[in-house]
Peer 1: 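Structure below; questions to follow.
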Amino acid sequence: MTTNDSTTGPLPAHDWAVDDLPALDFDPFMTHLLHHEPITRIRLPYGEGHAWLVTRYEDVKLVTSDARFSRQALIGRSVTRLSPHTIPQDEAVGFADPPRHAQLRKAVARAFSTRSMERLRPFVQRTADELLDDMERHGSPADLMQQLNGPLPLTVISKVMGVPPSDRPRMAHWTGMLLTAAFTREQSEAAKAEIREYFAALLRRRRAEPREDLAGDLAAAVASGELSEAEAIALAVLIQISATHAVRNNSANMVYALLTEPGLAARLRAEPAVLPQALEELLRWVPHRRGVGIGRIATEDVEVGGTVIAAGEVVYASYLTANRDPSVFERPDELDIDRPRVPHLSFGHGPHFCLASMLARLESEIMLSGLLTRFPDLRLAVPAKEIAWQRAALIRGPETLPVAW
């Protein structure tokens, strides 16, 4: 067992700059830790002090589901972190612990239920078809980030939320400002204030004129006392920007993988029924996140994988490395759509499992299916090494994705 007492002394902390990586390359530093230092200390570019990082599948599941690791305890602490600003607001569900966390999720759960996804599917399909029609009219080559992977997630989550089409460009701008480490703290805080005010005004309108959308659900929850106004606004902001940014980038990552892995696109065209299991393997394999997400604070001494994390210490859990753990996934670095099904952790684990995971799957499946069906000769329009990738994005993805057919 590794301890942190005065006899052995603390483990040294690795300074982790979290540099941008080419294309979908997996971070070699994370690979090293997974295989050689699965529980270690790190220091990220911003904030203060150091943190533990756990990388193995079972250890990640423990840290992300054990109530002794708290998100709420992060509030007010300047812990070591990836970006100059804190992405969620203090009132956001991302910083809540059970049982309050469950109460916050309940207020929006109906919008992401299985029944809601069934009702939403025709709209997603129709929107994708219209975008693909426009792409066909535009002609080859075309940029998928402009023609499909960018506009579809923004349109869908805005429909769910109740954001009108005229306001969607502003949503895209604020999302780009908040979900990257490339801007200053002052710029990011200004963008956060603007989007907060937008949703405060939207919820006021829904209280005056109720509608059947997520903004209407949040306004009703405030009126009933289920949520405070600050909690409702924080939920709206988090859902809007996350569902736009994450699906935009990761669905584009999947297309890139399909077009650069020999034979994969042809296999899915020949066997379209295989697409759902291929989607799960893409979700596992694609290193969608840059670095790590939100940390946790140990509220008491906890042993994780033979190491004691002391009360008050910060710990990060890497879903990316958990998805590459060789004790769980055979040949984990290979993209194998015939892989026996083992649950990946790409949507998280425990209480903070992604609320909109079904929506992300729905959108990604419809986009991939549409591209494979409508464009049987789809290919990258430039050599793969010439694709430009976003810099300092918290969810990795191409800046542009030019394709030809």
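On a predicted model such as this, the values are computed, not experimentally measured, just so you know.
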Peer 1: Return all side-chain donor-acceptor pairs below 3.5 angstrom for residues 353-369, not counting sequence neighbours, or 'none' if the list is empty.
Peer 2:
{"unit_1": "Arg361", "atom_1": "NE", "unit_2": "Glu280", "atom_2": "OE2", "d": "2.7"}
{"unit_1": "Arg361", "atom_1": "NH2", "unit_2": "Glu280", "atom_2": "OE1", "d": "3.1"}
{"unit_1": "Ser364", "atom_1": "OG", "unit_2": "Ala360", "atom_2": "O", "d": "3.0"}

Peer 1: Starting at CG of Leu120, measure out to CD of Gln125 and round the result to the nearest 0.5 Å.
Peer 2: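 Nearest 0.5 Å value for the CG-CD distance: 11.5 Å.
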Peer 1: Taking all non-hydrogen atoms of both residues into account, name the closest pair between Val163 and Leu202 and its distance.
Peer 2: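 So the minimum-distance heavy-atom pair works out to CG2-CD2, 4.4 Å.
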Peer 1: So, Glu399 versus Trp389: side-chain donor-acceptor pair below 3.5 Å or not?
Peer 2: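 Looking only at side-chain atoms, Trp389 and Glu399 do not form any donor-acceptor pair under 3.5 Å.
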Peer 1: Would you give me the side-chain donor-acceptor pairs under 3.5 Å for residues 269-279, sequence neighbours excluded?
Peer 2:
{"unit_1": "Arg269", "atom_1": "NE", "unit_2": "Leu372", "atom_2": "O", "d": "3.2"}
{"unit_1": "Arg269", "atom_1": "NE", "unit_2": "Pro376", "atom_2": "O", "d": "3.4"}
{"unit_1": "Arg269", "atom_1": "NH1", "unit_2": "Pro376", "atom_2": "O", "d": "3.4"}
{"unit_1": "Arg269", "atom_1": "NH2", "unit_2": "Phe375", "atom_2": "O", "d": "3.2"}
{"unit_1": "Arg269", "atom_1": "NH2", "unit_2": "Pro376", "atom_2": "O", "d": "3.4"}
{"unit_1": "Glu271", "atom_1": "OE2", "unit_2": "Arg267", "atom_2": "NE", "d": "2.7"}
{"unit_1": "Gln277", "atom_1": "NE2", "unit_2": "Ile337", "atom_2": "O", "d": "2.7"}

Peer 1: Locate the shortest heavy-atom distance separating Met145 from Pro151; write the atom from each residue and the value.
Peer 2: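 The answer is O-CD, 3.6 Å.
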Peer 1: Which pairs with one or both residues in residues 107-127 pass salt bridge (charged side-chain N to carboxylate O under 4.0 Å, His left out), sequence neighbours excluded?
Peer 2: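 Sorted result for residues 107-127: Arg110-Asp217.
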Peer 1: Side chain to side chain contact (heavy atoms under 4.5 Å, CB included) between Leu401 and Tyr256: does it pass, once the steps are laid out?
Peer 2: CA-CA 8 Å; Leu401 190 55; Tyr256 178 87; 4.3 Å; yes
Peer 1: Tell me if a side-chain donor or acceptor on Thr299 pairs with a main-chain N or O of Arg68 at a distance below 3.5 Å.
Peer 2: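 Here the side-chain-to-backbone pair exists.
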Peer 1: Does Leu53 reach the side chain of Val315, with side-chain heavy atoms less than 4.5 Å apart?
Peer 2: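 No, every pair of side-chain atoms sits at 4.5 Å or beyond.
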Peer 1: Using a 4.5 Å cut-off on heavy atoms from C-beta on, say whether the side chain of Met30 contacts that of Thr55.
Peer 2: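 They are not in side-chain contact.
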Peer 1: Is the backbone of Val79 close enough, under 3.5 Å, to the side chain of Glu48 for a donor and an acceptor to pair up by distance?
Peer 2: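 No, the answer is negative, given that no donor and acceptor are paired below the 3.5 Å cut-off.
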Peer 1: Would you check if Val93 and Gln103 make a side-chain contact, meaning some heavy-atom pair closer than 4.5 Å?
Peer 2: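 The answer is no, as the side chains (C-beta and beyond) never meet within the 4.5 Å cut-off.
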Peer 1: Of all residues at least two apart in sequence or in a different chain, which pass the side chain to side chain donor-acceptor pair (under 3.5 Å) check with Asp336?
Peer 2: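 Only Arg331 meet the side chain to side chain donor-acceptor pair (under 3.5 Å) criterion with Asp336.
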Peer 1: Quick check: does any side chain N or O of Thr127 sit under 3.5 Å from a backbone N or O of Leu152, one acting as donor and the other as acceptor?
Peer 2: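 Looks like no, no N/O pair under 3.5 Å.
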Peer 1: With side chain to side chain contact (heavy atoms under 4.5 Å, CB included) as the test, would you mind laying out the steps for Met135 and Leu131 before giving the verdict?
Peer 2: CA-CA 6 Å; Met135 179 171 150; Leu131 290 168; over 6 Å; no
Peer 1: Using a 3.5 Å distance criterion without hydrogens, assess whether the side chain of Ser251 forms a donor-acceptor pair with backbone atoms of Arg248.
Peer 2: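 Yes; judged by distance alone, with no hydrogens or angles, the pair exists.
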Peer 1: Keeping Arg105 on the side-chain end and Val108 on the backbone end, is there a donor-acceptor pair under 3.5 Å?
Peer 2: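 Between the backbone of Val108 and the side chain of Arg105 there is no qualifying donor-acceptor contact (under 3.5 Å).
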Peer 1: Taking all heavy atoms of Ala252 and all of Asn149, pick out the closest pair and write down the distance.
Peer 2: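 What the structure gives for the nearest pair is N-ND2, 3.4 Å.
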Peer 1: Nearest 0.5 angstrom please: Thr31 OG1 to His36 NE2, how far?
Peer 2: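 Between atom OG1 of Thr31 and atom NE2 of His36 there are 9.5 Å.
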Peer 1: Between Pro45 and Arg81, is there a side-chain heavy-atom distance shorter than 4.5 Å?
Peer 2: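 Side-chain contact under 4.5 Å: no.
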Peer 1: Using a 4.5 Å cut-off on heavy atoms from C-beta on, say whether the side chain of Thr244 contacts that of Ser158.
Peer 2: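 They are not in contact (no side-chain heavy atoms under 4.5 Å apart), so the answer is no.
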Peer 1: Please report the shortest heavy-atom distance between Tyr319 and Gly348, naming the atom on each side.
Peer 2: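 Distance-wise, the nearest heavy atoms are CZ-CA, 3.4 Å.
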Peer 1: In Å, rounded to the nearest 0.5 Å, how long is the span from CD of Glu281 to CG of Leu264?
Peer 2: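 Nearest 0.5 Å value for the CD-CG distance: 9.5 Å.
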Peer 1: Whether the Asn249 and Gln390 side chains hold a donor-acceptor pair (N or O, under 3.5 Å, no angle test) is what I'd like checked.
Peer 2: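 Asn249 vs Gln390: donor-acceptor pair found between side chains.
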Peer 1: Is the backbone N or O of Leu345 less than 3.5 Å from a side-chain atom of Asn323, with the two atoms forming a donor-acceptor pair by type?
Peer 2: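 Flag set: sc Asn323 to bb Leu345 pair under 3.5 Å.
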Peer 1: Is there a donor in the side chain of Ser116 and an acceptor in the side chain of Ser113, or the other way round, less than 3.5 Å apart?
Peer 2: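 Note: Ser116 and Ser113 side chains meet the donor-acceptor criterion.
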Peer 1: Working to the nearest 0.5 angstrom, can you tell me the gap between Met171 CE and Thr175 OG1?
Peer 2: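 With rounding to 0.5 Å, CE (Met171) is 7.5 Å from OG1 (Thr175).
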Peer 1: Could you please spell out the steps behind the side chain to side chain contact (heavy atoms under 4.5 Å, CB included) verdict for Glu231 and Leu235?
Peer 2: CA-CA 6 Å; Glu231 288 171 333; Leu235 269 168; 5.5 Å; no
Peer 1: Testing the basics here: between Gly350 and Ser65, what is the closest heavy-atom pair and its distance to 0.1 Å?
Peer 2: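 The answer is CA-CB, 4.2 Å.
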Peer 1: State plainly whether the residues Arg204 and Glu197 are in salt-bridge range, i.e. N to O under 4.0 Å.
Peer 2: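 Salt bridge present between Arg204 and Glu197.
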Peer 1: Distance check, rounded to the nearest 0.5 Å: Ile239 atom CD1 versus Leu214 atom CG?
Peer 2: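 The CD1 atom of Ile239 sits 5.0 Å away from the CG atom of Leu214.
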Peer 1: Do Arg170 and Tyr198 meet the cation-pi criteria used here (NZ or CZ under 6.0 Å from the six-membered ring centre, within 45° of the axis)?
Peer 2: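 No cation-pi geometry.
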Peer 1: If we ignore hydrogens and angles and just use 3.5 Å, is the side chain of Ser78 paired with the main-chain N or O of Gly47 as donor and acceptor?
Peer 2: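 Judged by distance alone, no pair lies under 3.5 Å.
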Peer 1: Phe29 vs Trp16, test: ring-ring contact (aromatic ring centres under 6.0 Å, His included). Steps then yes/no.
Peer 2: CA-CA 8 Å; Phe29 175 70; Trp16 187 15; 5.2 Å; yes
Peer 1: Cut-off 3.5 Å, side chains only: do Thr400 and Asp143 have a donor facing an acceptor?
Peer 2: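 Short answer, no.
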Peer 1: Just wondering, do Val54 and Tyr316 contact through their side chains at under 4.5 Å, heavy atoms?
Peer 2: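 The answer is no, as the side chains (C-beta and beyond) never meet within the 4.5 Å cut-off.
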Peer 1: Side-chain contact, heavy-atom cut-off 4.5 Å: Leu62 with Glu58?
Peer 2: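 Of all side-chain heavy-atom pairs linking Glu58 with Leu62, none is under 4.5 Å.
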Peer 1: So, does Trp285 use its side chain to make a donor-acceptor pair with the main chain of Asp333 at under 3.5 Å?
Peer 2: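 Looks like yes, one N/O pair under 3.5 Å.
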Peer 1: Residues in side chain to side chain donor-acceptor pair (under 3.5 Å) with Arg205, at least two apart?
Peer 2: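 Arg205: no side chain to side chain donor-acceptor pair (under 3.5 Å) contacts found.
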Peer 1: Count the heavy atoms belonging to other residues, nucleotides or ligands that lie under 6.0 Å from CD of Glu212, then report whether that count exceeds 12.
Peer 2: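 At most 12 heavy atoms, drawn from other residues, nucleotides or ligands, come within 6.0 Å of this atom.
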Peer 1: Any donor and acceptor pair, going by atom type alone, linking the side chain of Arg211 with main-chain N or O of Gly216 inside 3.5 Å?
Peer 2: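 Judged by distance alone, no pair lies under 3.5 Å.
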Peer 1: Please determine whether a side-chain nitrogen of the Lys or Arg among Asp325 and Arg56 lies less than 4.0 Å from a carboxylate oxygen of the Asp or Glu.
Peer 2: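 Result for this pair is no, no salt bridge flagged.
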Peer 1: Side chains of residues 286-298: which donor-acceptor partners sit under 3.5 Å, not counting sequence neighbours?
Peer 2:
{"unit_1": "Arg289", "atom_1": "NH1", "unit_2": "Val292", "atom_2": "O", "d": "3.1"}
{"unit_1": "Arg290", "atom_1": "NE", "unit_2": "Val18", "atom_2": "O", "d": "3.4"}
{"unit_1": "Arg290", "atom_1": "NE", "unit_2": "Asp20", "atom_2": "OD1", "d": "3.4"}
{"unit_1": "Arg290", "atom_1": "NH2", "unit_2": "Val18", "atom_2": "O", "d": "2.8"}

Peer 1: Under 4.0 Å between a Lys/Arg side-chain N and an Asp/Glu carboxylate O for Arg324 and Glu334?
Peer 2: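 No salt bridge links Arg324 with Glu334.
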Peer 1: Tell me yes or no: between the side chains of Arg41 and His50, is some donor less than 3.5 Å from an acceptor?
Peer 2: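 On atom types as modelled, these side chains qualify, holding a pair under 3.5 Å.
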Peer 1: Do Leu335 and Arg284 have side chains that get closer than 4.5 Å, going by heavy atoms?
Peer 2: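 A side-chain contact is absent here, since even the closest heavy-atom pair is not under 4.5 Å.
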Peer 1: Is a side-chain N or O of Asp97 found less than 3.5 angstrom from the main chain of Arg71, in a donor-acceptor match?
Peer 2: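 Such a contact is found between Asp97 side chain and Arg71 backbone.
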Peer 1: How many angstroms lie between CD in Glu303 and CG in Asp59, if you round to the nearest 0.5 Å?
Peer 2: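 Answer rounded to 0.5 Å: 10.0 Å.
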Peer 1: Quick one: do Asp213 and Lys159 make a salt bridge, cutoff under 4.0 Å?
Peer 2: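 Between Lys159 and Asp213 there is no salt bridge, as every charged N stays at least 4.0 Å from the carboxylate O atoms.
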Peer 1: Judged by modelled atom types alone, do His14 and Glu37 share a side-chain donor-acceptor pair under 3.5 Å?
Peer 2: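 Note: His14 and Glu37 side chains meet the donor-acceptor criterion.
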Peer 1: Considering non-hydrogen atoms only, spot the tightest contact between Pro402 and Val382 and give its length.
Peer 2: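 Taking Pro402 first and Val382 second, the nearest heavy atoms are CG-CG2, 3.9 Å.
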